[in-house]
Amino acid sequence: MKRNIAIDGPSAAGKSTIARLCAKELGYKHLDTGAMYRCVGYLSKLKGIAVDDELALADMMDQMKLDVDSAGHIYLNNQEVSSEIRTNEMSMRASDVSKLKMVRERLVTLQQQIASAGGYVLDGRDIGTVVLPDAMLKIFLVASVKARAQRRIKEYIEKNIPFDEQEVIRDIEVRDYQDTHRENSPLKKAADAIEIDTSDMSIEEVIDEIRGLLKTKS
Ligand code: C5P
């Protein structure tokens, strides 16, 4: 049976890109768990629910339909929201709602259900520690704030999303703080995860390192 791979790390460390390429190479599926928290942030904005109203958010999630296709497109209540959830505002809203226990419980359960078939690469903040503690391989990707801001800006330019450079840097720093200091499942390297600092590495170099690590597991 195919097993699962966990990729965690702070925002803009390259997790999604690396997870997607890794999955492609192995014939696995990729699940971007950050996109799921972004959907909760996005839908709560549409519905006028405050990001700290835990009960209202839980109620909203109990009626929310979330689907991801094999190409990584994300659908909220049957409507594609792949680009709407990528703005700076939605990054912050995702980080805000992700602090709440009831929100995390619901998404973690869904992520575990999806991955139970095996053959998944999941990326997020708590995959190695909470979602998939038995993952075959756990990677913890890190990079300097400068390197991460440059990558985020490149992504915004490519996707035609408006941005302000100082705001992008501030957003990374605030989210780092929030994600590592929250009470529920803070961003933390699992004891058995392997850390890779991608600040000065190309995507291909990171994939190469993971390839090498995978060989030691087979
Ligand atoms: O990875 P991405 O930047 O899209 O994640 C958005 C936010 O969702 C993060 O800042 C984090 O607060 C939250 N998140 C989380 N647990 C995950 C994935 C994302 O708390 N597994």
Side-chain angles (χ1 to χ4, degrees), residues 1-23 25-26 28-38 91 94-148 151 172-218:
M1 196 184 100
K2 285 179 178 175
R3 290 174 292 168
N4 294 312
I5 297 175
I7 302 188
D8 289 300
S11 59
K15 297 181 304 290
S16 288
T17 308
I18 300 296
R20 182 169 40 79
L21 292 172
C22 224
E25 178 158 326
L26 294 167
Y28 278 31
K29 289 183 189 137
H30 169 216
L31 183 65
D32 172 357
T33 64
M36 300 167 98
Y37 288 92
R38 287 170 181 271
S91 302
S95 184
D96 288 337
V97 298
S98 75
K99 291 182 204 160
L100 306 173
K101 194 162 174 269
M102 287 184 181
V103 170
R104 300 204 72 83
E105 277 169 0
R106 281 162 175 74
L107 288 187
V108 167
T109 302
L110 185 58
Q111 290 154 12
Q112 288 173 331
Q113 275 166 4
I114 294 172
S116 64
Y120 272 87
V121 181
L122 265 68
D123 78 84
R125 305 291 188 289
D126 59 343
I127 310 303
T129 50
V130 178
V131 182
L132 301 175
D134 299 325
M136 152 181 68
L137 177 66
K138 298 181 186 178
I139 305 286
F140 195 77
L141 290 182
V142 294
S144 65
V145 171
K146 192 172 161 223
R148 289 186 283 145
R151 288 179 196 155
I172 288 176
E173 289 173 341
V174 172
R175 281 207 291 150
D176 278 0
Y177 185 85
Q178 284 197 178
D179 292 350
T180 48
H181 288 79
R182 69 180 175 221
E183 198 184 323
N184 300 307
S185 312
L187 167 67
K188 192 168 73 190
K189 178 173 168 272
D192 51 351
I194 293 147
E195 182 168 318
I196 304 177
D197 185 336
T198 70
S199 303
D200 300 311
M201 289 172 89
S202 67
I203 291 171
E204 192 42 47
E205 284 170 332
V206 181
I207 297 285
D208 227 33
E209 188 155 340
I210 296 178
R211 241 181 238 131
L213 292 169
L214 275 167
K215 276 196 196 127
T216 66
K217 302 279 174 185
S218 51

All heavy atoms of D8 vs all of G128, minimum pair found to be OD2-N, 2.7 Å
What pairs meet the side chain to side chain donor-acceptor pair (under 3.5 Å) rule with one or both residues in residues 105-115, with sequence neighbours excluded? D62-R106, K101-E105
For K29, enumerate each residue passing the side-chain contact (heavy atoms from CB on, under 4.5 Å) test, keeping only those at least two apart in sequence or located in another chain. Y120
Is there any side chain to side chain donor-acceptor pair (under 3.5 Å) pair reaching into residues 126-139, and which pairs are they, with sequence neighbours excluded? R104-D126, K138-D192
Got a second to check how far C22's SG is from I5's CD1, nearest 0.5 Å? 5.0 Å
Sorted by first residue and then second, give each salt bridge (Lys or Arg N to Asp or Glu O under 4.0 Å) pair with at least one member in residues 113-125; sequence neighbours left out. R125-D179
What distance do R148 atom CZ and T198 atom OG1 have between them, rounded to the nearest 0.5 Å? 8.5 Å
Distance check, rounded to the nearest 0.5 Å: D176 atom CG versus S11 atom OG? 5.0 Å
Would you find a donor on one side and an acceptor on the other, under 3.5 Å apart, between the side chain of K99 and the backbone of N184? no
Distance-minimising heavy-atom pair for S185 and V130: OG-CG2, 3.7 Å
Heavy-atom side-chain contact between T33 and V108 under 4.5 Å: no
Work out which heavy atom in Y37 is nearest to a heavy atom in S98; give both atom names and the distance. CD2-CB, 3.5 Å
Point-to-point distance, once rounded to the nearest 0.5 Å, from CD1 of I194 to CD1 of I210: 9.5 Å
For the residue pair A19 and I7, what are the closest heavy atoms and their distance? CA-CD1, 3.8 Å
To the nearest 0.5 Å, how far apart are CG in L137 and CD1 in I139? 4.0 Å
Would you indicate whether the side-chain heavy atoms of L21 and H30 approach each other to under 4.5 Å? no
Could you tell me which residues satisfy side chain to side chain donor-acceptor pair (under 3.5 Å) with Q178, sequence neighbours excluded, listed by chain and number? S95, D96
With the side chain counted from C-beta on, respond yes when M36 and I114 share a heavy-atom pair under 4.5 Å apart, and no when they do not. yes
Distance-only criterion, 3.5 Å: show the donor-acceptor pairs between side-chain atoms of residues 199-206 and protein atoms not counting sequence neighbours.
residue, atom, partner, partner atom, Å
S199, OG, S144, N, 2.9
S199, OG, D197, OD1, 2.7
S202, OG, E205, N, 3.1
E204, OE2, R211, NH1, 3.4
E205, OE1, S202, N, 2.8

If I compare all heavy atoms of L132 with all of A115, which pair ends up nearest, and what's the gap? CD2-CB, 4.0 Å
Can you tell me if NZ on K189 sees more than 12 non-hydrogen neighbours from other groups inside 6.0 Å? yes
Is the backbone N or O of V121 less than 3.5 Å from a side-chain atom of N4, with the two atoms forming a donor-acceptor pair by type? no
If you compare all heavy atoms of R3 against all heavy atoms of Y28, which two are closest, and at what distance to 0.1 Å? O-CE2, 2.9 Å
